[in-house]
Amino acid sequence: MKLLPLDKPDLIDLAAQWLGREENYKWLDFGDGVHALSLVSLRIMAQRDLHVLRMFTADDCDLPIGIVALSDIRRQWKTAGSLWAVLGRKRYGGLTARAVSQLLTFGFVELGLEAVSAWTIECNVASRRVLEQLGFRYVGRQRRRHWIDGRPHDRLLYDLLATEHHEIPDSYVRRAAGVSLATPHLALRTVALRPRDGPGPPLGAA
């Protein structure tokens, strides 16, 4: 698996296609109720220090299969206000948690972050399992904060400290492949492993 920066037009175009799917963007929020990112907005986002966007690949080839991201990065406070992921090719859902784990390692080690926050929708069981697998702790709830298909949903809030992070090893992923590493449509849908009944929604973005 590789994490590739969104620094090439073809990667940005592909990411924009994935983020433009309603099945993915309905789980996300980029501020002020913005769910879907335009190609121009994504290009600007990829160039700003507030975000770290990475495309991740399959293990056996360089095929891009999804996006993982840290957003609202505040270097002076050593925090990232949001973690999100979108799985572009659903059959690779079992790899999402590992990609997020690697991005967290980058954030804590290379960027010197001390805390990363994340949220997901209460009904997104797959994403909740992924966050818990990654060591995130539940810290609160925002009631009726997210709307999908005209219905309000609560957001569940999580965070992870640098001292609590342990990267998922490759051997674990190989053992668990096909078992139950949840996979939300990370749209990010938020991140996750693969539930028995198929892919769920992604990790939310704040």
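- If you take OH on Tyr138 and CG on Leu156, they are separated by 5.5 Å, rounding to the nearest 0.5 Å.
- The CE atom of Met55 sits 4.5 Å away from the CG atom of Leu11 when rounded to the nearest 0.5 Å.
- Partners of Arg89 according to the side-chain hydrogen bond (donor to acceptor under 3.5 Å, both in side chains) rule, which considers only residues two or more places apart in sequence or in another chain, do not exist here.
- The CD1 atom of Ile67 sits 7.5 Å away from atom CG of Leu14, with the distance rounded to the nearest 0.5 Å.
- Looking at residues two or more places apart in sequence or on another chain, you find no side-chain hydrogen bond (donor to acceptor under 3.5 Å, both in side chains) involving Glu114.
- Residues Thr79 and Ser117 fail the side-chain proximity criterion, which asks for heavy atoms closer than 4.5 Å.
- Looking at heavy atoms from C-beta onward, Leu70 lies in side-chain contact with Val116 at the 4.5 angstrom threshold.
- Here the side chain of Arg74 pairs no donor or acceptor atom with the backbone of Gly81 at under 3.5 angstrom.
- With sequence neighbours excluded, the residues forming a side-chain hydrogen bond (donor to acceptor under 3.5 Å, both in side chains) with Lys2 are Asp62, listed by chain and number.
- Distance CG/Asp72 to CG/Leu83: 12.5 Å, rounded to 0.5 Å.
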Can you check side chain to side chain contact (heavy atoms under 4.5 Å, CB included) on Leu160 and Arg137, steps first, answer last?
CA-CA 6 Å; Leu160 179 72; Arg137 296 188 183 186; over 6 Å; no
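- Stacking of Arg54 on the aromatic ring of Phe106 is recorded, both the 6.0 Å distance cut-off and the 45° axial limit being met.
- How far CG of Leu104 is from CG of Leu113: 9.5 Å, rounded to the nearest 0.5 Å.
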Side chain to side chain contact (heavy atoms under 4.5 Å, CB included) evaluation trace for Phe56 with Val100
CA-CA 9 Å; Phe56 63 97; Val100 174; over 6 Å; no
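- One N or O on the side chain of Asp154 and one on the backbone of Arg144 form a donor-acceptor pair closer than 3.5 Å.
- In terms of hydrophobic clustering, with Ile, Leu, Val, Met, Phe, Trp and Tyr side chains grouped at heavy-atom distances under 4.5 Å, Leu157 and Ile148 are assigned to a common cluster.
- A 6.0 Å sphere centred on CH2 of Trp147 holds more than 12 heavy atoms belonging to other residues, nucleotides or ligands.
- Taking 4.5 Å as the limit, some side-chain heavy atom of Ile12 sits within range of a side-chain heavy atom of Leu6.
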Determine, step by step, whether Leu19 and Leu37 satisfy the side chain to side chain contact (heavy atoms under 4.5 Å, CB included) criterion, reporting the C-alpha distance in whole Å, the side-chain angles of both residues, the deciding distance to 0.1 Å, and the verdict.
CA-CA 7 Å; Leu19 289 168; Leu37 288 177; 4.1 Å; yes
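- The CG atom of Asp59 sits 5.5 Å away from atom CE of Met1, with the distance rounded to the nearest 0.5 Å.
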Check residues 39-53 and write down every donor-acceptor pair under 3.5 Å in which the side-chain atom is one partner and the other belongs to a residue at least two apart or another chain.
unit_1: Ser41; atom_1: OG; unit_2: Ser38; atom_2: OG; d: 2.9
unit_1: His51; atom_1: ND1; unit_2: Ser71; atom_2: OG; d: 3.0

Show your reasoning for whether side chain to side chain contact (heavy atoms under 4.5 Å, CB included) applies to Lys90 and Leu87.
CA-CA 6 Å; Lys90 303 299 185 268; Leu87 184 61; 4.2 Å; yes
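- Residue pairs that meet the side-chain hydrogen bond (donor to acceptor under 3.5 Å, both in side chains) test with at least one member in residues 100-113, sequence neighbours left out, are Thr105-His165, Thr105-Glu167.
- The side-chain hydrogen bond (donor to acceptor under 3.5 Å, both in side chains) check on Asp13 picks up nothing, with sequence neighbours excluded.
- Side chain of Asn24 to backbone of Trp18: a donor-acceptor contact under 3.5 angstrom is found.
- Scanning both residues, Gln133 and Ala97, for their nearest heavy atoms gives OE1-CB, 3.9 Å.
- Screening Arg141, Gln142, Glu122 for a side chain to side chain contact (heavy atoms under 4.5 Å, CB included) involving Arg155 leaves a single residue, Gln142.
- The ring of Trp27 has its center no closer than 6.0 angstrom to the ring center of His146.
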